[in-house]
Amino acid sequence: MKRTNRWVLWSVVAVLALAWIASPALCAEKLKVGLVFSMTGGAAAYGASQKEGAQLAIDQINAAAGKGMQIEAVFEDDASVPQQGINVYNKLINGDKVAVIIGPTLSNTAKNTDPIAQKAGVPVLAVSNTAGGITEIGDYIFRDSLTEAVVIPNTVKVAKEKLGLKKVAVFYGNDDAFTKSGYDVFKKVLQEEGIQILSEQTFAKGDRDFSPQLTQIKAQNPDAIICSALVEEASGIVSQARQLGIPKTIPIIGGNGFNSPALMKNAGEAAEGVIVGASWNASATNPLNVKFVEDYTKKYNRAPDQFAAQAFTGVQIVYHAATAAKSVERKAIRDAMAKIKDMDTVLGSFGFTEGRDANHTPVVQEVKGGKFVVFGR
Ligand code: 1QQ
């Protein structure tokens with residue numbers, strides 16, 4: 001190389017190095033986040049809300065960050081099935097090389113995808129998985145969604161107190177990680193609370209006719225129907241129970257699967273009086289939640305649901321971890337996430353337990369006038 005050429009080259013290197021040191025715009029790294037939601041298939045009602053909630057947080061964070069750390073989002077559809085979840089996880093981890101993954105929507109998918117991320121050392125934040133055995137997959141797996149193990153005992157206690165439950169019928173899906181896990185928790189707490197289980201009925205994903213099981217349940221005259229189902233089947237069960245003449249004085253009590261406005265959209269009037277355990281209700285008065293409900297409604301022209309709130313919070317949590325770590329490196333984000341305690345969020349004051357599960361107060365809701373209103377705490 002000629003002397004002058006070498007001089008030019010060194011000058012360019014020096015100028016770039018100076019610019020890199022001086023300008024945050026050049027040195028701020030992007031936080032690449034993979035977001036895996038069910039945009040199609042049986043769980044699409046949850047996925048749509050999750051994507052909107054996450055996008056709102058990303059827009060707000062990027063607008064506020066200016067020249068600081070920006071989020072680069074890569075959204076993928078897991079189609080509500082484990083195999084597609086596995087495909088998109090592999091793409092995000094090895095192709096896009098994301099720093100952290102939010103999702104997938106269903107526990108049933110997460111049980112198959114999360115071991116891939118754990119093995120690759122990619123932190124995962126679940127924002128809607130509530131079955132048991134998710135964070136146990138490994139130390140890279142976190143969730144901001146309260147588990148059925150926390151929400152359901154509270155739901156049963158509040159319902160027992162307010163409705164004087166003595167005997168119930170149990171109805172659940174036996175081919176899904178979430179519906180099965182919800183059933184296990186319901187059964188345990190019903191036994192602990194001394195509430196008699198008159199019968200246990202099951203259904204499978206995709207079933208459309210629930211009248212054989214509901215006819216048997218009707219004949220047993222329970223004080224309530226305890227149901228662990230995803231929203232598609234939950235909507236059918238609620239509609240058909242009322243069509244078969246099971247009166248509203250026999251409430252249907254559900255877990256997180258019921259926790260979508262799709263229930264009211266699909267079942268209409270029949271959904272009135274359904275009782276649903278939850279980790280969030282729109283009416284929470286903490287200032288961050290009030291602002292979130294306002295911003296979301298303005299942007300999307302509809303009220304947010306719990307899935308939107310948890311996804312919105314999820315984006316803030318991973319961003320908080322990356323900025324606290326001053327790094328977009330996978331392990332650094334994992335370690336910073338594990339340290340989160342008392343973070344002010346729309347879900348309330350938020351922190352992870354030792355086992356990386358969500359830790360905040362649950363709520364019990366009732367469907368009234370087409371909306372989820374607080375039934376008790
Ligand atoms: C799970 C759930 C579903 C009801 C919502 C996504 O909680 O699969 O864990």
Side-chain angles (χ1 to χ4, degrees), residues 35-54 77-82 84-85 101-114 124-137 141-152 154-155 171-186 203 205 226-238 252-263 266 274-280 304-314 347 356-358 362-363 365 372:
L35 299 106
V36 181
F37 297 134
S38 302
M39 301 309 296
T40 55
Y46 310 121
S49 293
Q50 293 182 302
K51 188 170 185 190
E52 289 183 356
D77 174 15
D78 65 34
S80 312
V81 289
Q84 187 54 19
I101 296 177
I102 290 178
T105 299
L106 296 176
S107 293
N108 205 48
T109 301
K111 292 231 165 162
N112 294 275
T113 54
D114 291 6
V124 171
L125 177 64
V127 291
S128 57
N129 304 157
T130 62
I134 298 290
T135 40
E136 288 83 349
I137 289 168
I141 316 298
F142 296 74
R143 58 176 146 195
D144 79 2
S145 38
L146 273 189
T147 60
E148 293 292 71
V150 172
V151 174
I152 285 174
N154 182 59
T155 311
F171 197 12
Y172 72 101
N174 61 1
D175 61 348
D176 174 271
F178 156 78
T179 58
K180 176 73 176 52
S181 179
Y183 157 74
D184 291 339
V185 181
F186 267 128
F203 62 86
K205 228 175 248 185
I226 303 289
C227 187
S228 184
L230 291 165
V231 75
E232 285 233 324
E233 290 80 17
S235 305
I237 289 167
V238 167
I252 297 169
I253 302 175
N256 200 43
F258 280 63
N259 213 342
S260 163
L263 178 75
N266 300 341
V274 166
I275 292 167
V276 182
S279 58
W280 173 90
D305 62 15
Q306 181 194 283
F307 293 93
Q310 288 171 326
F312 178 86
T313 305
L347 306 175
R356 300 168 306 285
D357 280 327
V363 57
Q365 311 176 119
F372 290 118

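In what follows, residues are counted from 1 in the order of the sequence shown. Note that ligands are numbered from 1 as they come in the structure, with each ligand's atoms numbered from 1 the same way.
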Under the side chain to side chain donor-acceptor pair (under 3.5 Å) test, which residues partner Gln84, sequence neighbours left out? Asn87
SB check Asp176 Lys205 (cutoff 4.0 Å): yes
Check: of Ser128, Ser228, Ser107, min heavy-atom distance to atom 2 (C) of ligand 1 comes from Ser128
Sequence-distant partners of Gln365, side chain to side chain donor-acceptor pair (under 3.5 Å), two or more places apart: Asn259, Asn281
Will you find, in the side chains of Thr313 and Asp144, an N or O donor that is under 3.5 Å from an N or O acceptor? no
Protein contact of atom 5 (C) of ligand 1 - nearest heavy atom, named by residue and atom, plus distance: Phe307 CE2, 3.5 Å
Using a 4.0 Å heavy-atom cut-off, which part of Leu230 comes near ligand 1: side chain, backbone, both, or neither? side chain
What pair of heavy atoms forms the shortest contact from Asp357 to Arg143, and how long is it? OD1-NE, 2.7 Å
Mark up the atoms of ligand 1 that fall under 4.0 Å of a heavy atom belonging to Gly257, in ascending order. 4 (C)
Got Thr105 and Phe307 here, is their nearest side-chain heavy-atom distance under 4.5 Å? no
Less than 4.0 Å is my threshold; does some heavy atom of Asn108 fall inside it relative to ligand 1? no
Residue, atom name and distance, where the atom is the protein heavy atom closest to atom 6 (C) of ligand 1: Thr105 O, 3.2 Å
Does any N or O of ligand 1 fall below 3.5 Å from an N or O anywhere on Asn129, backbone included? no
